[in-house]
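Written below as structure tokens is the structure these notes are about.
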Protein chains: 2
Amino acid sequence: MSSGLNIQIDRSSPVPLYHQIVQGIETAIHSGSLEPGTRLENEIDLAQRLNLSRPTMRKAMDELVRAGLLVRKRGVGTQVVASQVRRHLELSSLNDDLERAGKKPTTKSLSFSHGPADERVQALLQLPPGTEVYHFTRLRSVAGKPLAIMENWVRDDVVSFEEETLNERGLYEILRTAGVNFRLANQRIGAMVANDYQAPLLKVKSGSALVTMERTAVDDTGRNVETGSHVYRADSYSFEMTLVQR
Amino acid sequence: MSSGLNIQIDRSSPVPLYHQIVQGIETAIHSGSLEPGTRLENEIDLAQRLNLSRPTMRKAMDELVRAGLLVRKRGVGTQVVASQVRRHLELSSLNDDLERAGKKPTTKSLSFSHGPADERVQALLQLPPGTEVYHFTRLRSVAGKPLAIMENWVRDDVVSFEEETLNERGLYEILRTAGVNFRLANQRIGAMVANDYQAPLLKVKSGSALVTMERTAVDDTGRNVETGSHVYRADSYSFEMTLVQR
DNA sequence: GATGTAAATATGTCCTAACAATCTATTGAC
DNA sequence: GTCAATAGATTGTTAGGACATATTTACATC
């Protein structure tokens, strides 16, 4: 079964060629023109037909394999994965995720302070002596329905801002604007039951299930810029991800 | 600050060169000889010094960047990440994880059956007509302490086994032995509170927090081999992971 | 009919080479 | 002194080629 893959390559575009391929195949899969289970043409033919070198084609396929859209097997070929592939758990903020999903999240600041960090936060952010932190708590809602309580600590040598800003823009958006380029984050997902402080804020009964998430984010200079501890209503939120065998 | 990185390369080894580099740098970081924040030599020099081509060196570094151990910045250089990097959330089973951690998990089968799948499982596994499934529930404990209740469905055209086998070996181990090569998995992590069935099995009070995980695993031929729905005691289990910016 | 062998096919690894884009630090002009 | 242009350093992208290794298929042999 030949794939009949037809991708437009624009060599004058600033978008790297391999990324154009990634987008092209992604689109073909999501649009249904590449059905699950389809075997792709082999790398060499495909590269030749699109006037690309094999390394470029391979780099594109590598990305798709890592993203979980394709499966490769030596000596056999490359196949479209036969499953509804979920978006990879990306390094993004809740705010971004919601906006991308077409929702309109609102945020309300519950507390805001600026000063020295306690020992735990100092260790998590590996703060240099003298560096202080912003510490704040926010309630995020969608369509009037509370979704998450978010407590965060941000080092004050990367950005400076006021409490009001947090009501208008997402934290990651603020940090990106300030020139912070996030590269990776360590996070831990668990569960707890809502206590008497959380329950009324999230409009759930005390004792309801909550998803917890703790995250520390690192920027491209290697600094631990931000750490946070969030809780989500379990009936409205869960973490989806695709794991790929290395 | 030069890194003084010294890695032994064995060209007669069957282990790919780029993977030897990955291991070498990983070891150097974990052993402390490459401290967090250290700038590595540039790719070209490093490749030359180890008698490798730059693409090979880059491939190794790519992996380490994806694994969250290194951070690269164009025009600047490559740095060791200044954070305690957690192991990436891998495509592995709970049993594997526990054994790797030195624990000795025990498993008790709670139910076992073989027959046609219901609609939901049929869709999740994209079962071809006529294919049936094994359906079973297990309780996993560590040091006598119950940790998780695991309900799984496995298509019967990849493996055949008995209930007793599940008490002795992990599911993924059984499947791998049967020649299944897992490539990726889609999973969703959430939370719930323990109901009256779960609570006594896990030896927690009804209403305690549980972490939930649903997973469907795909093998190297693109088949959805297995799907499962697990619950974990929230006081003993959480999911840790490193997210990397693409 | 079962079994082993070889060829065809596909991905995996590795190399050399060149140029582009970005960031830093320095230099020079005003 | 300040700001802009520039040079150097470093990673990012792309090309083309060669050989290795795994898998399947077809064929020959027993």
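In the text below, chain A, chain B and the rest are named by the order of the sequence lines, each starting its count at 1. Keep in mind that this is a model prediction, so the values were computed, not measured.
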What's the [atom1]-[atom2] distance between [X] and [N], to the nearest Å?
{"X": "B:I44", "N": "D:dG12", "atom1": "CD1", "atom2": "P", "value": "12 Å"}
{"X": "A:L64", "N": "C:dT11", "atom1": "CG", "atom2": "C1'", "value": "16 Å"}
{"X": "B:Q79", "N": "D:dT10", "atom1": "CD", "atom2": "C1'", "value": "13 Å"}
{"X": "A:R39", "N": "C:dT9", "atom1": "CZ", "atom2": "P", "value": "12 Å"}
{"X": "A:L46", "N": "C:dT11", "atom1": "CG", "atom2": "C1'", "value": "14 Å"}
{"X": "B:L70", "N": "D:dT10", "atom1": "CG", "atom2": "C1'", "value": "15 Å"}
{"X": "B:D45", "N": "D:dT10", "atom1": "CG", "atom2": "C1'", "value": "10 Å"}
{"X": "B:N42", "N": "C:dC23", "atom1": "CG", "atom2": "P", "value": "18 Å"}

Quick tally for nucleotides 12-20 of chain C: nucleotides whose base has a protein heavy atom under 4.0 Å get B, sugar-phosphate-only ones S, the rest -, giving BBSBB-B--
In terms of relative ring orientation, are B:F161 and B:F112 parallel, tilted or perpendicular, with 30° and 60° separating the classes?
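Because their plane-to-plane angle is over 60°, the rings of B:F161 and B:F112 count as perpendicular.
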With a 4.0 Å limit, can you tell me whether B:T78 has a side-chain N or O closer than that to the phosphate oxygens OP1/OP2 of D:dT10?
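No, outside the criterion.
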Between A:G77 and B:V76, name the one whose nearest nucleotide on DNA chain C is closer to the 5' end.
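Its nearest nucleotide lies further toward 5', so the answer is A:G77.
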Partners passing side chain to side chain contact (heavy atoms under 4.5 Å, CB included) against B:T131 (at least two apart in sequence or in another chain)
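B:L127, B:P128, B:R155, B:D156, B:D157.
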Quick check against the 3.5 Å criterion: does A:N224 have a side-chain atom that pairs as donor or acceptor with the backbone of A:L124?
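Indeed, once roles are kept as given, a pair shorter than 3.5 Å links the two residues.
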What do you reckon, is CD of B:Q23 surrounded by more than 12 foreign heavy atoms closer than 6.0 Å?
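Correct, the count exceeds 12.
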For B:E43, what residues pass the side chain to side chain donor-acceptor pair (under 3.5 Å) criterion, not counting sequence neighbours?
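Partners of B:E43 by the side chain to side chain donor-acceptor pair (under 3.5 Å) criterion, ordered by chain and then number, come out as B:R54, B:R58.
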Please determine if B:D62 and B:R72 form a salt bridge, counting it only when a charged side-chain N lies under 4.0 Å from a carboxylate O.
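Salt bridge flag = yes for B:R72 with B:D62.
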